[in-house]
Amino acid sequence: MKRSDIDLFISRQLDSWREAAIRHEALCSVKTKSVCVGDTEWKVMFNPARSVSTNAKVDEESIKARRCFLCAENRPEMQSSVRWRDYDILVNPFPVFPGHLTIVLRAHERQLLSGRVDDFVDLAAELAGYTVFYNGAGCGASAPDHCHFQAVPEEYLPLNREYPFRRIYFTGDLDMVKKQMGQAIASLPLAGYEEPQFNAAVHHRGDGTYEAVIVPRVAHRPSCYDKVKISPGAIDMLGTVITTSAADYDAVNGELLASVFSEVAVVDETPVLRVGIMSAKEVNYSLHGEYIREGDTFFPSSPDCWFELDDVTIGVDFHWERKECQRFHGALQLMKGDDGMETAVNIISVEEYLMSVISSEMSAEASPALLRAHAVISRSWVLAQLGAKKLPSSNTCTVSDAETVKWYDHDDHAGFDVCADDHCQRYQGITRVTRSEARDAVMETRGEVMIAGGRLCDTRFSKCCGGAFEEFENCWEPVRHSYLVGARDLLPAGSLPDLRIEAAACDWIMSRPDAFCSRATPGILRQVLNDYDRATTDFYRWKVDYSVEELSAIVRERSGIDFGDIVELRPLARGTSGRIYRLEIVGTKHTHIVGKELEIRRWLSRSHLYSSAFVPVRTDAGFTLYGAGWGHGVGLCQIGAAVMGAEGYDYREILLHYFKDAEIKKLY
Ligand SMILES: [Zn+2]
Ligand SMILES: [Zn+2]
Ligand SMILES: [Zn+2]
């Protein structure tokens, strides 16, 4: 049905049914006010006509004693219906919003969604422009004895918001949403009712995709129900709390709602992170809003409090290093070190931290799929930092006269979990306007991480793999991760030559095999590179020319070894992406082997060579390096992932392509 057909049905019904029409008209003058619970705004509605539902007796005795008002034979004479499958679509005579529909199973069967999920989601497809919802027994249904759904125009029930209680939100096509809804319901505990307690809502977004929410419930009515009659169903849980007396309406405030939600829903604490922002002899800060001091820490009294730090250095050691003033939500701790330095630590929920990280790290043009994939990667990484701490340093260096083997990995911090700069993940508080796309990406993937073998994955990523993935142990410590293995950056995967073999690697790098990252256009590159301005640069295949003098000087400067004139670059070992991890440099005075990939890139360029997947070719003037990819090539290939997003893959498909053998799991 088109929305205009539904509107026509409603207006015909109201033309012929005076009582229902009066209550629909009364909605225009219904009183509402806004209150905040955490960061989220709630509407409170004063709607006396709804007392039939809010004050309905739903105990078994009372239900048995009354005639079922949803059965066709007991409905008011004036009530008309539209048949859909085994259901009658009715205009709700006690509406919360204009256009409020009740969809009633024709048979008198108990209120259960289990077994009717397909109907529920299909109904959202049928009722264009509507959000369909369901109140289970024991969480808002005033007729638990007769199965029914409800629907209201989509604008009254936005599903993608942040809630101060647990909610399961998912998106996808019709089949995916049905499947996920079934799984989500099955995962909830049973307690005293025939099916788990939950409210559900589903909405067809009009582009062929659906969004759905399940709110797990633990109680029907809050303990304050004796005094303030709030009987939360889907509408109340998803944004509009209904009251039926003026006194109740006045009594509802943010505090009361927070306590109602904590009783009827599942309020879980997201992990909290300690982010080291800056150190100075004296940190200059200012607090805005009311903070409560405990020892060296200032805790905000409300979520809109913010504090400001002066002279925060951003871009440490980069050409764009500068100092600026930054603002943050959450708590501020000022730690005095033994050296007399003061360190400012921001204590903040992981999800709020991620919104800032995704906003600051990702380009404004990144697609939703790419942003979601990155949100899951960043969350996995940061939760891994909170978990088992690594050894003090995982950077390793063995140097002998003949060989240098070095790799660089993340060091842990003392006193906080992560720093705010690129060493960990770039975090600039609320200074940068948080983009709504970035917020959505974090909210829609809330709690989702990559897991393999029961542990959080090491979610590495780099700019461009060059067509094939590198394995972890060829870049860092010799540990094998089942989900970071060599494979072609393509679906279906096609064949991948064994690039550890020199001849195969040369053919691969000197040609341009098809891969997701080989299909990048300037538009795609802009999604991945924040400061992308060079429309012609090709990161998939590139080349660098050096004269003998130039290369010899660079290598001498970067390695501290005087090779004399360099006469040969000899790849001794390559990984699964063709990246060299042992390179022999032959000079007139000295010969030396260098590895792993980052050290090779460091030695052969004044900055860093794009990657160590290159073929060195002797020329008349010196050397030409023909190369592939940018970065280490382990894990997610950002340019390839952006191409996948543009080709219509969703973030789950993207993640499972780059982290083979891993799974996406919702931790909270
Ligand atoms: Zn009935
Ligand atoms: Zn760090
Ligand atoms: Zn790639």
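Counting starts at 1 for both ligands and their atoms, in listed order.
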*What is the number of protein N, O or S atoms that sit under 2.8 Å away from the Zn ion (ligand 1)?*
4

*Does Asp650 come within less than 4.0 Å of Arg652, counting only side-chain N to carboxylate O?*
yes

*Which word best sums up how the rings of His374 and Phe461 line up, parallel for under 30°, tilted for 30 to 60°, or perpendicular for over 60°?*
perpendicular

*For Asp538 and Arg512, what are the C-alpha separation, side-chain angles and deciding distance, and is it a salt bridge (Lys or Arg N to Asp or Glu O under 4.0 Å)?*
CA-CA 11 Å; Asp538 185 359; Arg512 205 183 165 83; 2.7 Å; yes

*For residues 634-649, which residue pairs qualify under salt bridge (charged side-chain N to carboxylate O under 4.0 Å, His left out), counting only residues two or more places apart or in two chains?*
Arg519-Glu647

*asked:* Using the salt bridge (Lys or Arg N to Asp or Glu O under 4.0 Å) criterion, which residues pair with Arg85? Sequence neighbours excluded.
replied: Asp119, Asp122

*Using a strict cut-off of less than 4.0 Å between a Lys/Arg side-chain nitrogen and an Asp/Glu carboxylate oxygen, indicate whether Asp417 and Arg274 qualify as a salt bridge.*
no

*If the Zn ion (ligand 2) is the vertex, what is the angle to SG of Cys424 and NE2 of His413, rounded to 10 degrees?*
100°

*Regarding Arg460 and the six-membered ring of Trp476, is the cationic atom NZ or CZ under 6.0 Å from the ring centre and inside 45° of its axis?*
yes

*With Asp145 as reference, evaluate Arg66, Lys64, Arg67 under the salt bridge (Lys or Arg N to Asp or Glu O under 4.0 Å) test and give the passing residue.*
Arg66

*Under a 4.0 Å N-O cut-off, is there an ion pair linking Lys281 with Glu342?*
no

*Hey, mind stepping through Tyr353 and Tyr427 against ring-ring contact (aromatic ring centres under 6.0 Å, His included) and telling me if it holds?*
CA-CA 7 Å; Tyr353 163 84; Tyr427 169 66; 5.1 Å; yes

_If only protein N, O or S atoms under 2.8 Å count, total around the Zn ion (ligand 3)_ = 4

